[in-house]
Amino acid sequence: MSILTGCTTAEPEPRTPLVAGTGAPVIIPGGPGDAGRTARPGENLGDSEARVTAADVRFAEGMIPHHRQALEMAALVRPRSSSPVLWRLAERITAAQRPEIAAMTSWLRSAGRAPAVHDDGGPPGDHGGHGDYGGHAVTQEQENQLRTARGTDFDRLFLSLMIVHHEAAVTMAKQQIEDGTDRIMLAMAADVVSGQAIEITRMRRELLRLGG
């Protein structure tokens, strides 16, 4: 991807090698729908952009609470649904998004920014803020309705809300791809777009099967 910042030719931005240390673990996100892994001490993680833009920070600070809400919703599935399809969907969401939260939290620290509240997960109902992205994709009232639903009613409501939630994530990621410059955040945004677009298609298909 080429980022143009003006009409004149400029010297390329210097890049700093990223190397995993022996302190706090560095989580490397997996591919769409796959679990992440912990980097080995001394592992070369590629180059980091020397200049972090407001768009990169806004994406990380917005996506962390957005992912947390998805994890909270996914945790409701097993106790309330008997659908193996939804069980697998919730497992994929958890496997993909929990490592992404950890990776974005680590990235924010490396950029000198305080991570969003509650770091790697907070108490139920507390998702922090979405910054300039315009609030939660799913309202607290809708989430409360999801908590009280059971069986097929839960399945339909969960799919409907998670589709909206994924669509908001795709919008946020596309904005990052358009405006951001950091290699790690751009790669994560691309994973969000590709992975969640696939899940949206699957969820719409299942919702149609349920008559939703």
Side-chain angles (χ1 to χ4, degrees), residues 1-5 18 26-37 39 45-49 51-74 85-86 88-108 110-111 113 115-116 120 127-138 158-208:
M1 174 176 295
S2 174
I3 306 294
L4 299 180
T5 57
L18 286 178
V26 176
I27 306 298
I28 301 175
D34 294 334
R37 67 177 180 85
L45 306 179
D47 293 331
S48 174
E49 297 290 347
R51 180 174 58 86
V52 173
T53 65
D56 301 318
V57 173
R58 185 170 64 248
F59 173 70
E61 290 183 340
M63 193 61 78
I64 287 172
H66 188 86
H67 274 11
R68 286 200 191 109
Q69 188 177 50
L71 293 181
E72 188 173 313
M73 292 168 63
V85 173
L86 264 68
R88 290 191 295 270
L89 172 63
E91 289 167 359
R92 286 195 301 268
I93 288 171
T94 301
Q97 298 194 23
R98 192 180 300 280
E100 288 180 353
I101 290 174
M104 287 184 285
T105 299
S106 176
W107 181 89
L108 282 171
S110 72
R113 300 284 296 195
D120 297 318
H127 313 293
H130 282 73
D132 295 336
Y133 288 109
H136 303 312
V138 174
F158 177 84
L159 290 168
S160 297
L161 294 179
M162 193 58 78
I163 288 170
V164 171
H165 200 272
H166 274 28
E167 288 174 339
V170 169
T171 297
M172 293 163 66
K174 287 181 176 178
Q175 191 68 49
Q176 165 62 13
I177 291 170
E178 181 177 342
D179 298 337
T181 61
D182 182 81
R183 182 191 64 81
I184 295 174
M185 288 300 103
L186 287 171
M188 188 166 291
D191 284 345
V192 168
V193 171
S194 59
Q196 298 207 14
I198 291 171
E199 288 188 344
I200 288 171
T201 299
R202 290 172 176 165
M203 289 189 291
R204 283 176 174 162
R205 185 186 306 125
E206 180 65 11
L207 186 59
L208 184 63

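Keep in mind that what you see is a predicted model, and the values were worked out from it rather than measured.
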Report task. Could you please spell out the steps behind the side chain to side chain contact (heavy atoms under 4.5 Å, CB included) verdict for Arg202 and Arg92? Result -> CA-CA 12 Å; Arg202 290 172 176 165; Arg92 286 195 301 268; 3.5 Å; yes
Query raised in the report: Between Arg58 and Asp179, is any pair of side-chain heavy atoms under 4.5 Å apart?
Result: yes
Query raised in the report: What are the two closest non-hydrogen atoms of Leu108 and Val57, and how far apart are they?
Result: CD2-CG1, 4.2 Å
Query raised in the report: Short question: side chain of Asp56, backbone of Asp182 - any donor-acceptor pair under 3.5 Å?
Result: yes
Query - Donor-acceptor contact present, side-chain Gln69 to main-chain Val138, <3.5 Å - result: yes
Query raised in the report: Quick one: does Gln97's side chain get under 4.5 Å of His66's, heavy atoms only?
Result: no
Report task. Heavy atoms only: give me the nearest Ala96-Glu100 pair and the separation to one decimal. Result -> O-CG, 3.2 Å
**Report entry** From Leu86, Leu208, Val85, Ile163, residue fulfilling side chain to side chain contact (heavy atoms under 4.5 Å, CB included) relative to Met203
**Finding:** Ile163
Requested in this report: Using a 4.5 Å cut-off on heavy atoms from C-beta on, say whether the side chain of Gln176 contacts that of Val192.
Outcome: no
**Report entry** Intermediate values then yes/no, side chain to side chain contact (heavy atoms under 4.5 Å, CB included), Met188 and Met63
**Finding:** CA-CA 10 Å; Met188 188 166 291; Met63 193 61 78; over 6 Å; no
Requested in this report: Could you tell me which non-hydrogen atom of Gln196 sits nearest to which non-hydrogen atom of Ala169, and how far apart they are?
Outcome: OE1-CB, 3.3 Å
Query raised in the report: When rounded to the nearest 0.5 angstrom, what is the spacing between OG in Ser160 and NE2 in His165?
Result: 14.0 Å
Requested in this report: Work out which heavy atom in Ala189 is nearest to a heavy atom in Ile177; give both atom names and the distance.
Outcome: CB-CG1, 3.8 Å
Requested in this report: With side chain to side chain contact (heavy atoms under 4.5 Å, CB included) as the test, would you mind laying out the steps for Lys174 and Val170 before giving the verdict?
Outcome: CA-CA 6 Å; Lys174 287 181 176 178; Val170 169; 3.7 Å; yes
Report task. Look at the side chain of Thr94 and the backbone N and O of Ala90, then say whether any donor-acceptor pair between them is shorter than 3.5 Å. Result -> yes
Query - Check: His166 side chain, Ile198 main-chain N or O, donor-acceptor pair, under 3.5 Å - result: no
Requested in this report: Might you point out which heavy atoms bring Ala70 and Met162 nearest each other, and give the distance in Å?
Outcome: O-CE, 4.0 Å
Report task. Indicate yes or no: at least one non-hydrogen side-chain atom of Phe158 is less than 4.5 angstrom from one of Met73. Result -> yes
Query raised in the report: Would a 4.5 Å heavy-atom cut-off, applied to side chains only, mark Glu72 and Arg68 as touching?
Result: no
Report task. Test Met185 against Val52 for side chain to side chain contact (heavy atoms under 4.5 Å, CB included), laying out the working first. Result -> CA-CA 10 Å; Met185 288 300 103; Val52 173; over 6 Å; no
